[in-house]
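Only heavy atoms go into these numbers, but all of them, side chains included; no hydrogens, no water, no symmetry mates.
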Amino acid sequence: MNSKKKIMKWVKIFLLMLYVLFLTFPLIWALSLSFKSTAEIFSGEVNLIPKSPTLIQYETVFTEQTIFNSMFNSFQAGVISTIIVLIISLPAAYAITRYKSAINKFFMGWILTSQVFPVIIVMIPLYIILRTMGLTDSILGLSLVYVVWSLPFVLWMLQGYIKGIPVELEEAASIDGATRSQIIFKVITPLLLPAIGASALFTFISAWNEFFFALVLMKSQELITLPVDLARFTGMEGQARLGPLAAASIISTIPSLVLFGFLQKFFSEGLLAGAVKE
């Protein structure tokens, strides 16, 4: 029986390793391309390790493209939208979960329905609204669009976590004299640290990788975001410049990896962190 369990354990580990390799292989391949010369990339040879590693592709990115400026624009949009989404979604998710009413049911229906429609349907109304407000070519306007786009999913995720928190913890805090805002921010919020971290990561990466809204709304050269800038690594007749594109893609993944490393501690927080009475 023990030998069977060991075999199943190693089978699971092997399958998990295959799955991780499947997920990371595109990144590994892009990293390989970024260190190859243009001649080696188009030689037709398939090799993961470059024969003559070179930094020429990274030099091309830094000299030809305004990648740092576009990364900064994407970073601004991601940070602004993440902060606004978290400020709105935390109390809103609490109210939707704890207070049962017809309005709350309507909001839950809106959350589900909003995820059904494709982006192109809402693009024209959003453009008209932002043009009326004078925000069509601004980081703030783009950030507000990302807030509208990410908020339904974050609300849905947070209300699921809040449902799992015992109401008795709130009742005990209320008996001790805590106000509703104190209950939300001192009792509920510490318990939601993993969900808050996941919500922040989702919102930021969604804004960081978004292309269509940024392409339509941003017209000024100095305000373009990273995905739009990456799309410029295209030569004649739509042929992609694989080397610089791979190098730029590797550079663009660094902020996301840093953010994940920073937020990882929130994922490992104990679910009863806020239940300790100070």
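Between the side chain of Glu210 and the backbone N or O of Ala214 there is at least one donor-acceptor pair closer than 3.5 Å.
The shortest distance between side-chain heavy atoms of Tyr146 and Thr203 does not fall below 4.5 Å. Taking the side chain as every heavy atom from C-beta outward, Leu217 and Met123 approach each other to under 4.5 Å. Proximity of Leu226 to Asn209: side-chain heavy atoms (C-beta onward) are nowhere separated by under 4.5 Å. Counting heavy atoms from C-beta on, the side chains of Ser138 and Leu223 never come closer than 4.5 Å. Between Ser37 and Ser52, the closest side-chain pair of non-hydrogen atoms is not below 4.5 Å. You'll find the side chain of Leu158 stays beyond 4.5 Å of the side chain of Ile96, heavy atoms only. When side chains are defined from C-beta on, Trp208 does not count as touching Leu259, because their heavy atoms never get closer than 4.5 Å. Using a 4.5 Å heavy-atom threshold, the side chains of Pro255 and Phe75 count as separate.
A distance of 13.5 Å separates CG in Asn73 from CZ in Phe68, rounded to the nearest 0.5 Å. Put simply, CD1 on Ile28 and CD1 on Ile250 are 10.0 Å apart, with the number rounded to the nearest 0.5 Å. Interatomic distance, CD1 of Ile128 versus OG1 of Thr136, reported as 12.0 Å (0.5 Å rounding). A distance of 12.5 Å separates CD1 in Ile56 from OG in Ser34, rounded to the nearest 0.5 Å. The CD1 atom of Ile129 lies 11.5 Å from the CZ atom of Arg131; values are rounded to the nearest 0.5 Å. Going from atom CG of Leu16 over to atom CG of Leu21 covers 11.5 Å, rounded to the nearest 0.5 Å.
The two residues Lys36 and Thr54 make their nearest non-hydrogen contact at C-CG2, 3.7 Å. Scanning all heavy atoms of the two residues, the minimum distance from Lys51 to Glu40 falls at N-OE2, 2.9 Å. Of all the heavy atoms in Gly78 and Ala207, the pair that sits closest is CA-CB, 3.7 Å. Listed here is the closest heavy atom pair of Asp137 and Met218: OD1-CA, 3.5 Å. The two residues Leu155 and Ser89 have their closest heavy-atom pair at CD2-O, 3.5 Å. A pairwise comparison of heavy atoms in Val85 and Val147 identifies CG2-CA, 3.8 Å as the closest pair.
The aromatic rings of Tyr58 and Phe62 sit tilted, their planes meeting at an angle between 30° and 60°.
The environment of Leu18 atom CG is dense: over 12 non-hydrogen atoms of other residues, nucleotides or ligands sit within 6.0 angstrom. In this structure, Phe72 places its CZ atom where only 12 or fewer heavy-atom neighbours from other residues, nucleotides or ligands lie under 6.0 Å away. Other residues, nucleotides and ligands place no more than 12 heavy atoms under 6.0 Å from the CD1 atom of Ile49.
The hydrophobic cluster containing Val148 does not contain Val79, counting ILVMFWY residues as joined when their side-chain heavy atoms lie under 4.5 angstrom apart, directly or transitively. Criterion: ILVMFWY side-chain heavy atoms under 4.5 Å apart, direct or through other members. Under it, Ile224 and Leu130 are not part of a common hydrophobic cluster. Ile88 and Ile196 fall within a single hydrophobic cluster, where Ile, Leu, Val, Met, Phe, Trp and Tyr are joined by side-chain heavy atoms under 4.5 Å apart, directly or via other members. Under the 4.5 Å side-chain contact rule for hydrophobic residues, Leu55 and Ile251 share a cluster. Leu27 and Met71 fall within the same hydrophobic cluster, defined by Ile, Leu, Val, Met, Phe, Trp and Tyr side-chain heavy atoms under 4.5 Å apart, directly or through other members.
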**Message:** Please evaluate residues Leu86 and Ser199 with respect to the criterion side chain to side chain contact (heavy atoms under 4.5 Å, CB included), reporting the C-alpha separation (whole Å), side-chain torsions for both, the decisive distance (0.1 Å), and the verdict.
**Reply:** CA-CA 8 Å; Leu86 292 180; Ser199 300; 4.0 Å; yes
